[in-house]
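Remarks on the structure that follows.
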Amino acid sequence: MSDLYERIYAVVRRIPRGRVTTYGQVARLAGMAGHARQVGYALHALPEKSRLPWHRVVNRRGEISRRSIPQAEAIQKLLLEDEGVVFDGKGRIRLDRVLWIPSGFSRRSSGR
DNA sequence: TTTATGGCTGTCA
DNA sequence: ATGACAGCCATAA
């Protein structure tokens with residue numbers, strides 16, 4: 001297990017309930033800006049027994065990213081809904097509403 | 001060692 | 001708003 005993964009997991013674990021964030025955001029918080037995909041890899045390699053709220057990580061569009069197993073997309077959606085995350089008619093999340101921004105980190109590139 | 005891929009993102013149309 | 005391209009870089013073969 002690499003330390004990179006540990007960092008990613010640590011960041012994801014900090015995501016509050018009912019809140020979501022993007023891969024890029026997690027990557028940045030983990031100190032590996034630009035490695036958004038590696039975040040996805042880390043989550044992919046994550047054991048299911050893990051309590052990591054991987055479902056709180058979505059892509060930048062605010063939707064469930066397409067991955068190897070489409071099945072998990074539905075699961076993730078259910079988990080999020082269970083936490084109070086609201087999806088719109090297109091199955092997407094209002095990032096402007098539930099996006100988790102940790103203290104000390106402003107929005108990307110001079111805001112909005 | 002190199003090559004291919006991928007749970008992404010930013011820019012351009 | 002979405003679709004298409006390119007860049008980025010760790011992991012897998």
Side-chain angles (χ1 to χ4, degrees):
Chain A
M1 184 67 71
S2 304
D3 297 305
L4 296 314
Y5 279 35
E6 291 297 324
R7 289 190 187 184
I8 295 172
Y9 298 155
V11 173
V12 175
R13 205 168 320 224
R14 282 161 60 186
I15 304 176
R17 193 161 179 264
R19 243 356 118 84
V20 300
T21 188
T22 66
Y23 293 96
Q25 201 69 240
V26 174
R28 189 185 310 184
L29 296 175
M32 32 193 300
H35 298 204
R37 297 201 287 208
Q38 275 54 258
V39 174
Y41 270 136
L43 297 181
H44 181 121
L46 189 68
E48 315 206 358
K49 58 181 181 178
S50 213
R51 303 288 181 162
L52 202 71
W54 58 273
H55 53 266
R56 292 178 189 154
V57 185
V58 296
N59 67 15
R60 198 168 167 280
R61 286 183 175 181
E63 57 183 44
I64 313 300
S65 299
R66 313 218 307 156
R67 46 169 180 287
S68 306
I69 52 178
Q71 228 169 241
E73 297 181 26
I75 297 174
Q76 182 169 9
K77 185 172 182 292
L78 291 176
L79 288 171
L80 288 174
E81 289 181 319
D82 184 62
E83 293 192 349
V85 177
V86 184
F87 284 80
D88 63 4
K90 297 187 182 107
R92 292 189 306 198
I93 308 171
R94 298 177 90 186
L95 285 182
D96 57 354
R97 192 169 186 171
V98 296
L99 182 60
W100 173 63
I101 307 295
S103 333
F105 281 85
S106 45
R107 307 183 189 260
R108 24 178 145 265
S109 305
S110 321
R112 166 54 88 78

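Chain A is the first sequence line, chain B the second, and so forth, proteins listed ahead of strands; every chain is numbered from 1. This structure is a prediction, so every number in the text was calculated from the model and none was measured.
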OP1 or OP2 of B:dG7 less than 4.0 angstrom from a side-chain nitrogen or oxygen of A:His44, does that happen here?
yes
What's the [atom1]-[atom2] distance between [X] and [N], to the nearest Å?
| X | N | atom1 | atom2 | value |
| --- | --- | --- | --- | --- |
| A:Lys77 | B:dG7 | NZ | P | 21 Å |
| A:His35 | C:dT11 | NE2 | C1' | 13 Å |
| A:Asp96 | C:dA1 | CG | C1' | 14 Å |
| A:Gln25 | B:dG10 | CD | C1' | 15 Å |
| A:Lys90 | C:dA1 | NZ | C1' | 8 Å |
| A:Glu63 | C:dA1 | CD | C1' | 12 Å |
| A:Arg67 | B:dG7 | CZ | P | 9 Å |
| A:Leu43 | B:dG6 | CG | P | 17 Å |

When you look at A:Arg7 and A:Met32, which way does the side-chain contact (heavy atoms from CB on, under 4.5 Å) test go after all the steps?
CA-CA 9 Å; A:Arg7 289 190 187 184; A:Met32 32 193 300; 5.6 Å; no
Please examine the side chains of [Y] and [X], heavy atoms only from C-beta on, and report whether any two atoms are closer than 4.5 Å.
| X | Y | answer |
| --- | --- | --- |
| A:Leu80 | A:Val98 | no |
| A:Val26 | A:Ile8 | yes |
| A:Tyr5 | A:Leu46 | no |
| A:Ser65 | A:Tyr23 | yes |
| A:Gln76 | A:Val58 | yes |
| A:Asp82 | A:Arg17 | yes |
| A:Val86 | A:Ile93 | no |

Check: A:Glu73 side chain, B:dG7 base, donor-acceptor under 3.5 Å:
no
What pairs of nitrogen or oxygen atoms, one from the protein and one from nucleotides 4-7 of chain C, lie under 3.5 Å apart?
from: C:dG7; atom 1: O6; to: A:Arg37; atom 2: NH1; distance (Å): 3.4

Closest heavy-atom pair and its distance - A:His35, A:Ala27
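Scanning both residues, the minimum pair turns out to be C-CB, 3.9 Å.
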Non-hydrogen atoms of A:Arg14 and A:Trp100 that approach each other most closely:
O-CZ2, 3.6 Å
Check A:Lys77 with A:Glu73, please: is the shortest side-chain N to carboxylate O separation under 4.0 Å?
no
Under 4.0 Å between a Lys/Arg side-chain N and an Asp/Glu carboxylate O for A:Glu83 and A:Arg56?
yes
Among C:dC9, B:dC8, B:dG10, the nucleotide that comes nearest once only the side chain of A:Arg60 is considered
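Output: B:dG10.
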Out of C:dA10, B:dG7, B:dT9, whichever nucleotide has its closest atom nearest the side chain of A:Asn59
B:dT9
Bracket string, DNA chain C, 5' to 3' - pairs by Watson-Crick or G-U geometry under 3.5 Å, | interstrand
.||||||.|||||
Can you give me the N/O atom pairs linking the protein to nucleotides 2-5 of chain B at distances under 3.5 Å, or say none if there are none?
from: B:dT5; atom 1: O2; to: A:Tyr41; atom 2: OH; distance (Å): 3.4

